[in-house]
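Just so it is clear, the structure is predicted and the values come from calculations on it, not from any experiment.
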Amino acid sequence: ISAFDANSVCKELIKNFQEDAARKHITISLNNSSAEIILNTDKDILYEILQNLLSNAIKFSEEHKQITVNVIDKNNLLKLEIIDEGPGFSDEDK
């Protein structure tokens, strides 16, 4: 467990996936509500979770789509979102 900036982790994540996204002409953008949001948690595990979500967003999105990584600090609660324009889960998969 360590203290780190959530925005920095998300910027690093996006940077590491730019090449994969570019192959499908997908744009990844970061939307953050604060300049710095300090977390005190396991950075590696958080990164692994976000990496899996972003990887899936790219994998299941059609070409020329948009993915947004939202970092929202509201009332001292952090909300991290990865929003894509993929097909979502079928009723059968749900």
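- Separating the CD1 atom in Ile26 from the CZ atom in Phe17 is a distance of 11.5 Å, to the nearest 0.5 Å.
- By the rule that hydrophobic residues join a cluster once side-chain heavy atoms approach within less than 4.5 Å of another member, Ile28 and Phe60 end up as members of separate clusters.
- No continuous path of ILVMFWY side-chain contacts below 4.5 Å connects Ile38 to Leu30, so the two sit in separate hydrophobic clusters.
- Within the structure, every pair that satisfies the side chain to side chain donor-acceptor pair (under 3.5 Å) test and touches residues 37-50, not counting sequence neighbours, is listed here: Asn16-Tyr47.
- Annotation for Asn7 and Ala35: closest pair ND2-O, 3.4 Å, computed over non-hydrogen atoms.
- Taking CG from Leu13 and CG from Leu50, the interatomic distance works out to 6.0 Å, rounded to the nearest 0.5 Å.
- Interatomic distance, CG of Leu80 versus CD1 of Ile49, reported as 9.5 Å (0.5 Å rounding).
- With rounding to the nearest 0.5 angstrom, the CG atom of Leu53 is 11.5 Å from the CD1 atom of Ile58.
- Each of Ile45 and Ile1 belongs to its own hydrophobic cluster when Ile, Leu, Val, Met, Phe, Trp and Tyr are linked at side-chain heavy-atom distances under 4.5 angstrom.
- Residue pairs meeting the side chain to side chain donor-acceptor pair (under 3.5 Å) criterion with at least one member in residues 55-75, sequence neighbours excluded, are Ser29-Gln66, Asn31-Asn70, Asn70-Glu81.
- If you take OG1 on Thr27 and CD1 on Ile14, they are separated by 11.5 Å, rounding to the nearest 0.5 Å.
- In this structure, the separation between SG on Cys10 and CG on Leu46 is 7.0 Å, given to the nearest 0.5 Å.
- Scanning both residues, Asp5 and Ser8, for their nearest heavy atoms gives OD2-OG, 3.0 Å.
- Following chains of ILVMFWY side-chain contacts shorter than 4.5 Å, one cannot reach Ile72 starting from Leu54, and the two form parts of different hydrophobic clusters.
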